[in-house]
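In what follows, chains are A, B, ... by sequence order, proteins preceding strands, each numbered from 1. Fair warning: this is a prediction, and the values are worked out from it, not measured in the lab.
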Amino acid sequence: MRTHTCGELAAAGVGKKVKLCGWVANWRDHGEIVFIDLRDRYGITQLVFRMENDKELTGRASKIRSETVLAITGTVAARDKANINPDMPTGEIEIAVESIDMEVPAETPPFEVVDAPKADELVRLEHRYLDLRSKPMQEATIAKHKVLQATRRYFDGEDFLEIETPVLWKSTPEGARDYLVPARKSPGRFFALPQSPQMHKQLFMISGFDRYFQIARCFRDEDLRYDRQPEFTQIDIEMSFVSLENIYSVLEGLMAELTKVAAGKNVSAPFPRMTYNEAMERYGTDKPDTRFGLEIVDATNVAKKTEFKVFQNAGMVAGIRAPGGAALSRKEIDALPKAVADTGAKGVAWLKKTADGISGGVSKFFPEPIREELFSVFGGAEENDLFCFVADSPKVARASSGVLRGLLAKRLGLIDEEVFNYLWVTDFPLFEEDDEGKLSPAHHPFTSFPTEYLEQLERGEDLFSIPSHAADLVLNGVELGSGSIRIHDPAMQSRVFKALGFSEQELEDRFGFFLNAFRYGAPPHGGFALGFDRVLMCLLGRESIRDFIAFPKTTAAKCPLTGAPTSVSDQQLEELRLKIRKDD
RNA sequence: GGGGGUGUAGCUCAAUUUUGGUUAGAGCAUCGGACUGUCGAUCCGAAGGUUGCGGGUUCGAGUCCCGUCACCCUCGCCA
């Protein structure tokens, strides 16, 4: 039906007879002359109709509206110099249309499909097929394709095998809430959709597929965010006979390639590394944004010398020195405590460095010589610095300072948006404490740890201090993924499960098939999983992973296009032996 | 489940900060007309509203109060 796309014709094509197909992006009717911009995914080409050439055709063209599908035949014509549009790749030419071969009319769309759709996201999602015609969505969708292909090329080149894993899988008690699928052939029983192919890929290692990858769909029935969807994609890898070093270097190669493909930037490997403890100390978070300084300073000692009771009673006084922060208004500073309230901080103390001393906030508590001591703790002080302090337990003080750090950097324009700062955060603890003070895996229960801690695990002593062979990959303060060396010794695995409080029976029911496999020759192995949608979001500088999911769900986990989830017929329920409770 | 924000024409927004007052306005889109070079065309004109929904206060509610729904952000949650 077409000889060319709407993006490829240029001056070299002048004189050619062509057939183009596409959607009407815009139209301009001047009476004697009519222009139509024809759009496909390759670009936009201007069509021109003249009354003097064909009155009937031009009259017909003048009635065509946006989003109509057209197929036309015409001749490529050079534009007069004055009429060249330098902003369009096809701006040197236009098509003098001779016939309209097909015209599929479109109703007036609910929003205008333009370069930057202004419509509310909900309206766009209800008509996602239209939204996807827009430039930003076309770009995001095409970028995703390119990154997917680059990923496959990269792993294929590194001798990885792409192997699929089941989507109908087994519910496990650990981790996120499962999406369940009733099993008709086994009434009262359920499949679960996988939260990740974790156990599958470890079984592949036992099978001898020593380098595996998959672009895997994962499902988690938890609350949504801008960076969390109930179904999302992971780049999932697993390798045998490797150390973490091998895993780092494979991923560094991948990310360098993807950064180039998606963002056109070169990043150099190896990526910097930082231990978990160091990250928490210097940045108050396990995913530090290293594009700017403002590191957390332990000002406890000097703060305790002041008469300020809040400082004297605190376990720690954490401080941030923000150059230029004195420009913040009183209103902005007063808003800081609320911004960090979620971390548990009860307040934010502050003072400003002025030309002749300090002022505002808690400055009166810092007379000389404590003032000089304060400055030296922060490595000096310049005019217009803002000093912020959070006094609390060390945990809260650091966490809220970490949040403050990000806020101040953003407000003061200290973040270079052009930079891609990758960072390995290493040596995560093996366990963490859940809300009830119970032990839970910090990464997942298959994570290995240095053997010298086996005894400590056995004794159940100070378990939170045991380090693991697990690391996260962080980009500009966003956690892209995590991985670890796994336990391949069944005895060690059982000990971890026991420490986590699983009974023999539970272990057998939930993980029996998995633990059994390790009895038949399990190689040492490890792997990693990257949140693919997040990688794209970061590399393309988008606000949400929804941009990279063709049909995403709302924060209430509903599909605005189809209305799913919906109720089902009584017959369907009957077949599954399910009954819906009506009372709630 | 908790907190915050938003909801007015098909779309994006206004409607005198806190403070209720005549017929709820504008831009874009749509429809009609004009125009030979536009490219976000321009000009003239028209049509378009259950102010998310329900209740309340009031002589009078887009505006105040209560409830509810949807969307977005956030805490919890996401091994």
Side-chain angles (χ1 to χ4, degrees), chain A residues 25-39 44-53 58 62-63 65-67 77 79-88 90-91 94 106-127 130-131 172-178 195-196 198-199 218-230 232 338-344 403 428 430-432 434-435 438-447 468 470 479 482 484 496-497 500 510 529 531 543-544 546 553-558 560 563:
Chain A
N26 197 9
W27 57 274
R28 295 171 293 281
D29 177 2
H30 290 234
E32 286 296 311
I33 185 167
V34 173
F35 300 100
I36 288 179
D37 293 338
L38 197 65
R39 176 192 67 225
I44 289 181
T45 297
Q46 175 167 287
L47 311 180
V48 60
F49 302 78
R50 290 171 208 274
M51 284 291 183
E52 63 185 20
N53 292 346
T58 307
S62 73
K63 299 220 159 34
R65 292 296 174 264
S66 295
E67 303 313 319
R79 299 196 199 180
D80 288 346
K81 209 164 191 181
N83 294 330
I84 287 175
N85 184 343
D87 299 329
M88 284 173 80
T90 62
E94 62 198 358
E107 283 181 23
T108 304
F111 56 92
E112 293 169 62
V113 178
V114 290
D115 283 358
K118 281 183 296 184
D120 189 84
E121 194 176 9
L122 182 62
V123 180
R124 289 166 43 208
L125 291 179
E126 283 167 350
H127 305 271
L130 282 179
D131 187 37
T172 57
E174 284 290 296
R177 192 176 295 112
D178 282 322
Q195 298 171 23
S196 86
Q198 182 62 36
M199 285 185 255
C218 304
F219 305 86
R220 292 177 190 176
D221 187 4
E222 296 292 350
D223 283 4
L224 282 61
R225 296 277 194 283
Y226 72 97
D227 63 346
R228 282 162 34 182
Q229 281 276 307
F232 62 99
K338 204 179 169 195
V340 299
D342 283 337
T343 60
V403 174
F428 269 75
L430 187 62
F431 300 112
E432 60 189 14
D434 67 16
D435 357 308
K438 280 200 327 202
L439 203 66
S440 79
H443 181 45
H444 57 56
F446 318 119
T447 308
S468 73
E479 180 196 325
S482 53
S484 63
V496 170
F497 276 129
L500 288 169
R510 297 296 179 178
E543 300 288 315
S544 167
R546 291 188 292 265
K553 312 284 188 289
T554 65
T555 51
K558 291 180 199 159

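Formation of a donor-acceptor pair under 3.5 Å by the A/Glu432 side chain with backbone atoms of A/Ser440 is not found in this model. A donor-acceptor pair under 3.5 Å links the side-chain atoms of A/Arg228 to the main chain of A/Asp223, judged by distance alone.
Here the nucleotide nearest the side chain of A/Asp120, chosen from B/U36, B/C39, B/C71, is B/C71. Checking B/C71, B/C77, B/G10 against every side-chain atom of A/Pro110, the shortest atom distance belongs to B/G10. Residue A/Arg225 has its side chain nearest to B/C77 when only B/C77, B/U12, B/U38 are considered. Here B/C73 is the nucleotide among B/A70, B/U30, B/C73 with the atom lying nearest to any side-chain atom of A/Arg546. Of the candidates B/A70, B/C39, B/C77, the closest approach to any side-chain atom of A/Gln46 belongs to B/C39. Here the side chain of A/Asn83 is nearest to one of B/U38, B/C78, B/C72, namely B/U38.
Between B/G67 and B/U74, the distance separating the two P atoms is 26 Å to the nearest Å. On the P atoms, B/G1 is 41 Å away from B/U22, given to the nearest whole Å. Comparing the same atom, P, in B/G5 and in B/U18 gives a spacing of 13 Å after rounding to whole Å. With C1' as the reference atom, B/G20 and B/G56 are 15 Å apart, rounded to whole Å. Here the separation of B/U16 from B/A24, taken at their C1' atoms, is 15 Å to the nearest Å. B/A14 and B/U63: their C1' atoms are spaced 14 Å apart (whole Å). Between B/C31 and B/A70, the distance separating the two C1' atoms is 32 Å to the nearest Å. Rounded to whole Å, the C1' atom of B/G3 lies 44 Å from the corresponding atom of B/A47.
Contacts of A/Phe446 with the nucleic acid, taken as non-hydrogen atoms under 4.0 Å apart, are absent. Contact annotation for A/Met88: base contact, defined as any heavy-atom pair under 4.0 Å involving a base atom. Counting any heavy atom pair closer than 4.0 Å across all strands shown, A/Ala556 reaches sugar-phosphate atoms only and no base atom. Residue A/Ser196 is classed as a base contact, given a heavy-atom separation below 4.0 Å to a base. Using a 4.0 Å heavy-atom criterion, one finds that A/Gln195 contacts no nucleic acid atom at all. Base contact: A/Pro445 has a heavy atom under 4.0 Å from a base atom.
For the atom pair A/Arg124 CZ and A/Arg546 CZ, the distance stands at 9.0 Å (nearest 0.5 Å). Atoms CG and CG, on A/Leu47 and A/Asp37 in that order, are 7.5 Å from each other to the nearest 0.5 Å. Atoms CG and CD, from A/Asn85 and A/Glu94 in turn, are 11.0 Å apart once rounded to the nearest 0.5 Å.
Checking A/Ser66 against A/Leu224, the closest nucleotide of RNA chain B that is more toward the 5' end is the one next to A/Ser66. Residue A/Thr108 is the one, among A/Thr108 and A/Ile84, whose nearest nucleotide of RNA chain B lies closer to the 5' end (criterion: closest heavy atom).
The pair A/Arg65-A/Glu107 does not meet the salt-bridge criterion, since no charged nitrogen lies less than 4.0 angstrom from a carboxylate oxygen.
Following rounding to the nearest Å, A/Asp227 (CG) and B/C73 (P) show an atom-to-atom distance of 9 Å. Whole-Å rounding puts the A/Arg124 CZ to B/C11 C1' distance at 13 Å. Between A/His30 atom NE2 and B/C35 atom C1' the separation is 8 Å, expressed in whole Å. Between A/Lys558 atom NZ and B/C72 atom C1' there is a gap of 14 Å when expressed in whole angstrom units. Between A/Glu222 atom CD and B/C77 atom C1' the separation is 5 Å, expressed in whole Å. A straight line from CZ of A/Arg177 to P of B/G76 spans 15 Å, rounded to a whole angstrom. Distance, A/Phe35 CZ to B/G40 P: 12 Å, rounded to whole Å. Between the CD atom of A/Glu112 and the P atom of B/C13 there is a distance of 13 Å, given to the nearest Å.
The closest side-chain heavy-atom distance from A/Ser484 to A/His444 is below 4.5 Å. Within the 4.5 Å cutoff, the side chain of A/Asp120 has no heavy atoms near those of the A/Phe111 side chain. Taking 4.5 Å as the limit, every side-chain heavy atom of A/Met51 sits out of range of all side-chain heavy atoms of A/Ile33.
Nucleotide B/G76 forms no Watson-Crick or G-U wobble pair with any nucleotide shown, as no partner meets the under 3.5 Å limit on both distances. Pairing for B/G32 is with B/C44, a Watson-Crick or G-U wobble pair whose two hydrogen-bonding atom distances lie under 3.5 Å. Pair assignment for B/U68 gives B/G52, based on Watson-Crick or G-U wobble hydrogen-bonding distances that are each under 3.5 Å. In a base pair of the Watson-Crick type (N1 to N3 plus N6-O4 or O6-N4) or a G-U wobble (N1-O2 and O6-N3), with each distance short of 3.5 Å, B/G60 is matched with no nucleotide.
Of the side-chain N and O atoms in A/Trp27, one or more sit less than 4.0 angstrom from OP1 or OP2 of B/U30. In this model, the phosphate group of B/C71 is not approached by any side-chain N or O of A/Thr555 to a distance below 4.0 Å at OP1 or OP2.
With hydrogens and angles ignored, a donor-acceptor pair closer than 3.5 Å exists between the side chain of A/Asp29 and the base of B/C35. Judged by atom type and distance alone, A/Asp223 reaches the base of B/G76 through a side-chain donor-acceptor pair under 3.5 Å. Side-chain atoms of A/Asn85 come within donor-acceptor range of the base of B/C39, with a qualifying N/O pair under 3.5 Å. Looking at A/Arg65, its side chain has no donor and acceptor atom pair within 3.5 Å of the base of B/G10. Put simply, the side chain of A/Arg228 and the base of B/C77 share a donor and an acceptor less than 3.5 Å apart. Residue A/Arg28 places no side-chain atom within donor-acceptor reach of the base of B/C35, judged by atom type and a 3.5 Å distance cut-off alone.
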